[in-house]
Amino acid sequence: MFGLNKKDTSLLIIVGLLTLLAPFILNPFPEGSAMAQFNAGYPDLMQRFVIFGIFAIGFNILFGLTGYLSFGHAAFLGVGSYSAVWMFKLLSYNIIPAIALSVVVAGVFSLLIGYVSLRRSGIYFSILTLAFAQMSFALAYSVLSNPKFNLTNGETGLQVYADDPQILQGANSPDLPHLFGLPMRATYTMDVGAWSFDFNAGYYLCAIIMMVVFYLSIRIFRSPFGMMLRAVKSNQQRMNYTGLNSKPYTLAAFVISGMYAGLAGGLMAAMDPLAGAERMQWTASGEVVLMTILGGTGTLIGPVLGAGFIKYFENIFSKINDNVLHSWFAFLPDGLEDAVVFVIHPFIGKGWHLTLGILFMLVVIYLPGGLVEGGQRLLNRMKRKKSKADDAKSGKTEPAE
């Protein structure tokens, strides 16, 4: 199916079903219940899940296949966002030209940075990409916000104003990002008993795009080009000794990865037409590294899982405060209740980074292959138990040594 083998087709279908049914899967608890705090089925968060999933999928093409660790991919995310907002300002709120421009500009920008950075490898490559990203952040934050040629609007962020040209904006077109008249914020809410499910146009657009780029990443992984990238990761020096020039392959992987990041940035602007320099900061680059490692470097679905995991903790655990904890443990005696809240307090709210850091350490120590390895171990254990149960029913025994 679509040129994929049976295993990859099954994986694509599973990811498609998960994204399609996300409003149901991410809202398991009734509205108004104590556990509703852990629901994540609202549009803004679901959009972030898939957008950062696209960002991580693209980063995995570079890092997972070639082993080149970039600390500057946030630069392409920011460039994509700025390009999309400028398209909104100059043409119209239609997201198609904005997303197209964000991908093209990010591709050109990544070609320039990659051409210079890939002259080095290892930690030197990582430092070069980090330097370029910080230079881009500084340019966006201060230099390019000069009133004479204000391209980024500095710390305020670039946004659309009423006096912008928008030469293709029709009289009846929505005054917010739309897809040929369909607003990205359009949401249909379905109430089923005590549950509430939101179906958002912007989310499903991002989900469809994520499915397309996920399919493309599978084709890249299984292609001869992907095999060459794996050879670079395995032993680039030996590959060069055979007469194969690895630089065009690594540069192509870098540009493709940068275009994925630009696409994610463009989608972020399409969901919320505002672009700020903070998207280009080194912390955003470090975040996508964590997503990829946490999910499983070099795996297909791992980056998507890692992106969802981190964004879930960032948005859900950061909202839990002492009042929520007291409501959860109100059944305990007063002294014990205060003690429990005191112990948990450092790990929630503003301290959610501590919880995520501990979980990341546990995954790296016990699951070097990330969440995907954890899922594989669990499946293998279940298969072994089922096999033993089947052998016991059939009366089979293992021969003595």
Side-chain angles (χ1 to χ4, degrees), residues 12-57 81 84 88 93-96 98-99 159-160 173-214 263-274 279 291 301 303-321 323-324 327-328 348-349 352:
L12 184 64
I13 292 173
I14 290 171
V15 174
L17 289 174
L18 289 176
T19 54
L20 180 66
L21 301 175
F24 298 103
I25 297 171
L26 297 176
N27 266 357
F29 304 109
E31 291 291 322
S33 66
M35 300 302 291
Q37 179 72 36
F38 295 99
N39 285 345
Y42 46 92
D44 290 345
L45 184 52
M46 291 194 297
Q47 290 168 8
R48 287 186 167 273
F49 284 161
V50 291
I51 290 173
F52 278 91
I54 293 170
F55 189 18
I57 289 170
S81 292
F88 293 148
Y93 270 120
N94 194 321
I95 65 171
I96 297 299
I99 293 174
Q159 52 189 308
V160 183
S173 299
D175 290 332
L176 70 167
H178 62 88
L179 178 64
F180 301 112
L182 176 64
M184 292 296 95
R185 295 178 186 174
T187 304
Y188 170 72
T189 302
M190 182 175 69
D191 295 323
V192 180
W195 284 265
S196 181
F197 306 105
D198 293 327
F199 302 91
N200 175 255
Y203 165 73
Y204 278 105
L205 173 74
C206 295
I208 291 171
I209 293 175
M210 191 194 77
M211 290 303 304
V212 172
V213 299
F214 183 71
L263 173 61
L267 287 173
M268 290 177 72
M271 299 305 109
D272 181 14
L274 173 67
R279 289 180 185 172
M291 290 174 181
I301 198 173
V304 180
L305 296 177
F309 189 88
I310 289 181
K311 286 301 164 185
Y312 181 85
F313 270 87
E314 178 182 337
N315 289 272
I316 301 300
F317 277 69
S318 61
K319 293 192 304 181
I320 301 175
N321 53 33
N323 293 330
V324 175
S327 68
W328 287 352
I348 50 91
W352 73 270

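The model shown is predicted, which means the values in this text are computed figures rather than measured ones.
Between the side chain of Y203 and the backbone N or O of T19, at least one donor-acceptor pair lies under 3.5 Å. Within the 3.5 Å criterion, the main-chain N or O of G181 finds no donor-acceptor partner in the side chain of Y93. The closest donor-acceptor contact from the side chain of N27 to the backbone of N39 lies at 3.5 Å or more, if one exists at all. When atom types are taken as modelled, the side chain of S81 and the backbone of G265 share a donor-acceptor pair closer than 3.5 angstrom. Here the side chain of N200 pairs a donor or acceptor atom with the backbone of M184 at under 3.5 angstrom.
Atom OG1 of T189 and atom CZ of F197 lie 11.5 Å apart (nearest 0.5 Å). Distance check: S327 OG to I320 CD1 gives 10.0 Å after rounding to the nearest 0.5 Å. Taken from CG in D198 to CE in M190, the straight-line distance is 10.0 Å, to the nearest 0.5 Å. Atoms CD and CG, on E314 and L45 in that order, are 9.0 Å from each other to the nearest 0.5 Å. Between I96 atom CD1 and H178 atom NE2 the span is 10.5 Å, to the nearest 0.5 Å. Taking CG of L263 as the reference point, atom CD1 of I57 lies at 10.0 Å (rounded to 0.5 Å).
Shortest non-hydrogen contact noted between D272 and R185 is OD1-NH2, 4.2 Å. Among all heavy-atom pairs drawn from P273 and F88, the shortest one is CB-CD1, 4.1 Å. The two atoms that bring M46 and L26 nearest to each other are CG-CD1, 3.7 Å, heavy atoms only. Of all heavy-atom pairs between P177 and I95, the closest is CB-CG2, 3.8 Å. Of all heavy-atom pairs between I348 and N321, the closest is CD1-CA, 4.0 Å. Considering every non-hydrogen atom in both A186 and L182, the closest pair reads CB-CD1, 4.3 Å.
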Please step through side-chain contact (heavy atoms from CB on, under 4.5 Å) for the pair V15 and M210, ending with a clear verdict. CA-CA 10 Å; V15 174; M210 191 194 77; 3.9 Å; yes

Evaluate side-chain contact (heavy atoms from CB on, under 4.5 Å) for Q37 paired with W328, printing each intermediate quantity in order. CA-CA 11 Å; Q37 179 72 36; W328 287 352; 4.1 Å; yes

Evaluate side-chain contact (heavy atoms from CB on, under 4.5 Å) for Y312 paired with F317, printing each intermediate quantity in order. CA-CA 8 Å; Y312 181 85; F317 277 69; 4.0 Å; yes

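The shortest side-chain heavy-atom distance between Y204 and P23 falls under the 4.5 Å cut-off. Counting only heavy atoms from C-beta outward, the side chains of Y42 and N315 approach each other to under 4.5 Å. Taking 4.5 Å as the limit, some side-chain heavy atom of L12 sits within range of a side-chain heavy atom of M211. Counting heavy atoms from C-beta on, the side chains of M271 and R48 never come closer than 4.5 Å. I316 is not listed as a side-chain neighbour of W352, based on a closest heavy-atom distance of 4.5 Å or more. Under the 4.5 Å side-chain criterion, counting only non-hydrogen atoms from C-beta, S196 is in contact with D191. Residues F309 and F49 are not in side-chain contact: their nearest non-hydrogen atoms beyond the backbone lie 4.5 Å or more apart.
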